[in-house]
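Notes follow the structure.
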Amino acid sequence: MKERTLSIVKPDAVAANSIGGMLGIFENGGLQVIASRMIRMDREKAEGFYAVHKERPFFGSLVDFMTEGPVLVSVLEGDNAIARHRELLGATNPEEADEGTVRKLYGTNIERNAGHGSDAPETSAFEIGYFFSNDELHSRGS
Ligand code: CMP
């Protein structure tokens, strides 16, 4: 099933010059970039994005991290894009991620883990709409 997912190259990976490496893994893994933009999130934007985690002990630190520098937000499209993208990202904790995955290659620890991907269709719709309008999504059809 064709799906869309929100992908973020986080500040650690942007700073490490890993944007191309990460997008290459996603493209070679069968996903298409249908929108992309580099932004610097302020605290309000990052807090809204991660609102589901606001009661977690790491929330403040996560917001510090996500606002420390620019990120690349992209929309990826493809068959089972949500699960496929998460597979290519690897486990949240880079220490537990499989060889060849984004987080194994580019992540540092469970917080500074290089990439974010939507985890379900409902979150993907919210997350894509949080950064992009419909007319910015350039689907290349089926
Ligand atoms: P992400 O996929 O963007 O979703 C939430 C983020 O919170 C996660 O990646 C990590 O960057 C961060 N995170 C998750 N668990 C922890 C944790 N135990 N400690 C610190 N940060 C975490």
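Just so it is clear, the values below take in all heavy atoms, side chains as well, and ignore hydrogens, waters and symmetry mates. Read the numbers this way: they start at 1 and go in the same order the structure lists the ligands and their atoms.
The protein heavy atom nearest to atom 10 (C) of ligand 1 is Ile110 O, 3.2 Å. The protein non-hydrogen atom at the shortest distance from atom 17 (C) of ligand 1 is Phe58 CD2, 3.4 Å. At the shortest separation from atom 9 (O) of ligand 1 among protein heavy atoms lies Lys10 NZ, 3.0 Å.
In this structure, a donor-acceptor pair under 3.5 Å is present between the side chains of Ser7 and His85. With no hydrogens or angles considered, a side-chain donor-acceptor pair links Ser74 and Ser36 at under 3.5 Å.
Within ligand 1, the atoms closer than 4.0 Å to a non-hydrogen atom of His116 are 1 (P), 2 (O), 3 (O), 4 (O), numbered from 1 in the order shown. Remark: ligand 1 atoms within the under-4.0 Å shell around heavy atoms of Leu62 are 6 (C), 7 (O), 11 (O), 12 (C). Close contacts between ligand 1 and Arg103 involve ligand atoms 2 (O) [criterion: under 4.0 Å to a heavy atom].
The 12-atom threshold is exceeded at CG of Asp42, counting heavy atoms of other residues, nucleotides or ligands nearer than 6.0 Å. A 6.0 Å sphere centred on CD of Glu136 holds more than 12 heavy atoms belonging to other residues, nucleotides or ligands.
Contact detail for Glu87 and Thr101: the closest heavy-atom pair is O-CG2, 3.7 Å.
Salt-bridge formation is detected for the pair Arg112/Glu68: a Lys NZ or Arg NE/NH1/NH2 atom is positioned less than 4.0 Å from an Asp or Glu carboxylate oxygen.
Looking at Asn113 next to ligand 1, an N or O pair under 3.5 Å apart turns up.
Cation-pi contact between Lys45 and Tyr50: absent, since separation from the ring centre below 6.0 Å together with deviation from the ring axis within 45° is not met.
Aromatic ring orientation, Phe58 versus His53: tilted (interplanar angle from 30° to 60°).
Remark: distances from the non-hydrogen atoms of Tyr50 to ligand 1 include one below 4.0 Å. Under a 4.0 angstrom heavy-atom cut-off, Met66 registers as lying outside contact with ligand 1.
At a 4.0 Å heavy-atom cut-off, ligand 1 does not touch Arg112 at all. Contact annotation: for His53 versus ligand 1, heavy atoms closer than 4.0 Å belong to the side chain alone.
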